[in-house]
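Please read the structure below before turning to the comments.
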Amino acid sequence: MDRNENTALLLAVLLMAVFFGALVYSATGLKISLPTCVTDVAPFKQGKIIDKGNNHYEVHLVAKMWAFDPPEIRLPPGADVDLYLSALDVTHGLYIEHTDVNLMAVPGAVNATRVHFDHEGVYDMICHEYCGTGHQNMMGKIIIAKGAVPVAAPPAAAALGGPAQSGEELFQSKGCVACHSTDGSPRVGPSLKGVYGHETDLADGSEVVADDAYLEESIRHPNAKLDKGYQPIMPEVPLTDTEVEDLVAYIKSLS
Ligand code: CUA
């Protein structure tokens, strides 16, 4: 081997040793570790609206498969909004109709902008970054209306009351709405309208009556009894017993 080749090889190996040493030193000596994911820390785990007074609001919007949290934001006209956007799972996008807002929702990062809502109306929030099977249904709403009390709850829920109302809130906030309609129209998953108490065709050719036990099982273990014509793509969402009961109550209310 040529002497110059030897020197180049030796230098390359030395350089690698230096870089590796620097990594080990920064991790152990300087105690530098990977940054914590911002959505692991309290302020950005959950969507919220903070009233700062003078018609000025801080909105924390969290994107996740396949919904925005909060799914609906109600504010009075003239509202100034400081918007902070993050994501819990994969990269999503946010476009707010009739505004200049066009942001990426990136896990581990917060993107911010300021937006002013002069006119009353409904502004759709749309995910414009492909994020999985439920992407095309991932949307939310900003409702600007006179006398609106700043809240982040779906309006129809108030009419139900009790467990069914909590169930509807979960249905929105857990993202179920991205794949299941409540008006009978099929989406990625079957519609939940009129399911309760009726016979359902399963993928294995059998039939089952959609009673409490069946709904509970299908919420906890979505692929245990797969509906005919649908793919086994629904994730197992961690839910407490009460949350499952509330969801069942909500599905019952749709029959
Ligand atoms: Cu979220 Cu597309």
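In this chain, residues are counted from 1 in sequence order.
Under a 3.5 Å cut-off, the side chain of Glu72 and the backbone N or O of Ile143 do not form any donor-acceptor pair. Judged by distance alone, the side chain of Ser253 and the main-chain N or O of Tyr250 form a donor-acceptor pair under 3.5 Å. Side-chain atoms of Ser191 come within 3.5 Å of backbone atoms of Ser181 as a donor-acceptor pair (strictly under, hydrogens ignored). A distance-only check finds a donor-acceptor pair linking the side chain of Asn55 to the backbone of Pro77 [under 3.5 Å]. The backbone N or O of Ile126 sits nowhere less than 3.5 Å from a side-chain atom of Asp124 that would complete a donor-acceptor pair. Panel note: side chain Asp51, backbone Gly53; a donor-acceptor pair is recorded below 3.5 Å. Using a distance-only test at 3.5 Å, with no hydrogens or angles considered, no donor-acceptor pair links the side chain of Trp66 to the main chain of Cys179. Side-chain N or O atoms of Asp227 include none that pairs as donor or acceptor with a backbone N or O of Tyr230 at under 3.5 Å. Put simply, the side chain of Ser26 gets close to the backbone of Ala22: a donor and an acceptor are under 3.5 Å apart. Panel note: side chain Glu243, backbone Thr240; a donor-acceptor pair is recorded below 3.5 Å.
In terms of heavy atoms, Glu236 sits closest to Pro222 at CG-CD, 3.6 Å. Considering every non-hydrogen atom in both Val248 and Glu216, the closest pair reads CG2-N, 4.2 Å. Residues Val24 and Thr28 approach most closely at O-OG1, 2.6 Å, considering heavy atoms. When all heavy atoms of Pro163 and Ala249 are compared, the closest pair comes out as CB-CB, 3.8 Å. Counting all heavy atoms, side chain and backbone alike, Gly108 lies closest to Ser86 at N-OG, 4.4 Å. The two residues His135 and Cys127 come nearest to each other via the heavy atoms CE1-O, 3.1 Å.
Residues Ile144 and Ile142 have side chains in contact (heavy-atom distance under 4.5 Å, counting atoms from C-beta outward). Side-chain contact check for Thr113 versus Tyr84: every heavy-atom pair is 4.5 Å or farther apart. In this structure, the side chains of Val208 and Asp201 stay at 4.5 Å or more apart for every pair of heavy atoms.
No hydrogens or angles considered: a donor-acceptor pair under 3.5 Å links the side chains of Asp118 and His116.
Using cut-offs of 30° and 60° for the angle between ring planes, the Phe117 and Tyr123 rings count as perpendicular. Between His128 and Tyr95, the ring planes are tilted. Angles from 30° to 60° get that label.
Note that CG of Asn137 is 11.0 Å distant from NE2 of His180, once rounded to the nearest 0.5 Å. Separating the CG atom in Leu11 from the CE atom in Met16 is a distance of 12.0 Å, to the nearest 0.5 Å. Here Leu170 contributes atom CG and Leu247 contributes atom CG; the two are 5.0 Å apart, rounded to the nearest 0.5 Å. The distance from the OG1 atom of Thr182 to the CG atom of Leu192 is 7.5 Å, given to the nearest 0.5 Å. Here the CE atom belonging to Met65 is positioned 10.5 Å from the CG atom belonging to Leu88, to the nearest 0.5 angstrom. With rounding to the nearest 0.5 Å, the separation of CG in Asn111 from CG in Leu83 is 9.5 Å.
When hydrophobic clusters are built by joining Ile, Leu, Val, Met, Phe, Trp and Tyr residues whose side-chain heavy atoms come closer than 4.5 Å, directly or via intermediates, Met138 is not grouped with Met234. Follow the hydrophobic side-chain contacts under 4.5 Å out from Val244 and you reach Val195 in the same cluster. Taking hydrophobic clusters as Ile, Leu, Val, Met, Phe, Trp and Tyr residues chained together by side-chain heavy-atom distances below 4.5 Å, Leu103 does not share a cluster with Met139.
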- prompt: Given the rule in the side-chain contact (heavy atoms from CB on, under 4.5 Å) test, do Ile50 and His60 qualify, once you have shown the distances and angles that lead to the verdict?
  reply: CA-CA 8 Å; Ile50 303 162; His60 295 188; 4.0 Å; yes
message: With salt bridge (Lys or Arg N to Asp or Glu O under 4.0 Å) as the criterion, how do Asp183 and Lys193 come out once you've worked through the C-alpha distance, each side chain's angles and the decisive distance to 0.1 Å?
response: CA-CA 6 Å; Asp183 62 1; Lys193 185 187 166 74; over 6 Å; no
query: Is there a side-chain contact (heavy atoms from CB on, under 4.5 Å) between His56 and Asp82 once you walk through the steps?
result: CA-CA 8 Å; His56 177 202; Asp82 283 323; 2.7 Å; yes
task: Carefully, step by step, assess Leu226 and Leu202 under the rule side-chain contact (heavy atoms from CB on, under 4.5 Å).
output: CA-CA 6 Å; Leu226 191 64; Leu202 299 182; over 6 Å; no
field: Test log, rule side-chain hydrogen bond (donor to acceptor under 3.5 Å, both in side chains), inputs Asp212 and Tyr196
entry: CA-CA 8 Å; Asp212 288 52; Tyr196 183 72; 2.6 Å; yes
- prompt: Given the rule in the side-chain contact (heavy atoms from CB on, under 4.5 Å) test, do Ile73 and Tyr57 qualify, once you have shown the distances and angles that lead to the verdict?
  reply: CA-CA 11 Å; Ile73 297 165; Tyr57 305 90; over 6 Å; no
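Salt bridge annotation for Arg3-Glu5: absent, with no cationic side-chain nitrogen under 4.0 angstrom from a carboxylate oxygen. Salt-bridge check for Lys52 with Glu58: passed, with a basic side-chain N closer than 4.0 Å to an acidic carboxylate O. The pair Arg220-Asp241 meets the salt-bridge criterion, with a side-chain N (NZ, NE, NH1 or NH2) lying under 4.0 Å from an Asp/Glu carboxylate O. Between Lys225 and Asp204, no side-chain nitrogen of the basic residue sits less than 4.0 Å from a carboxylate oxygen of the acidic one, so the salt-bridge criterion is not met. The pair Lys64-Asp89 fails the salt-bridge criterion, with no side-chain N (NZ, NE, NH1 or NH2) lying under 4.0 Å from an Asp/Glu carboxylate O.
The number of heavy-atom neighbours closer than 6.0 Å to CD of Gln231, taken from other residues, nucleotides and ligands shown, is 12 or below. For Asn6, the CG atom counts as densely surrounded, since its 6.0 Å shell holds more than 12 non-hydrogen atoms of other residues, nucleotides or ligands. Heavy-atom neighbours of Asn54 CG from other residues, nucleotides or ligands within 6.0 Å: at or below the threshold of 12.
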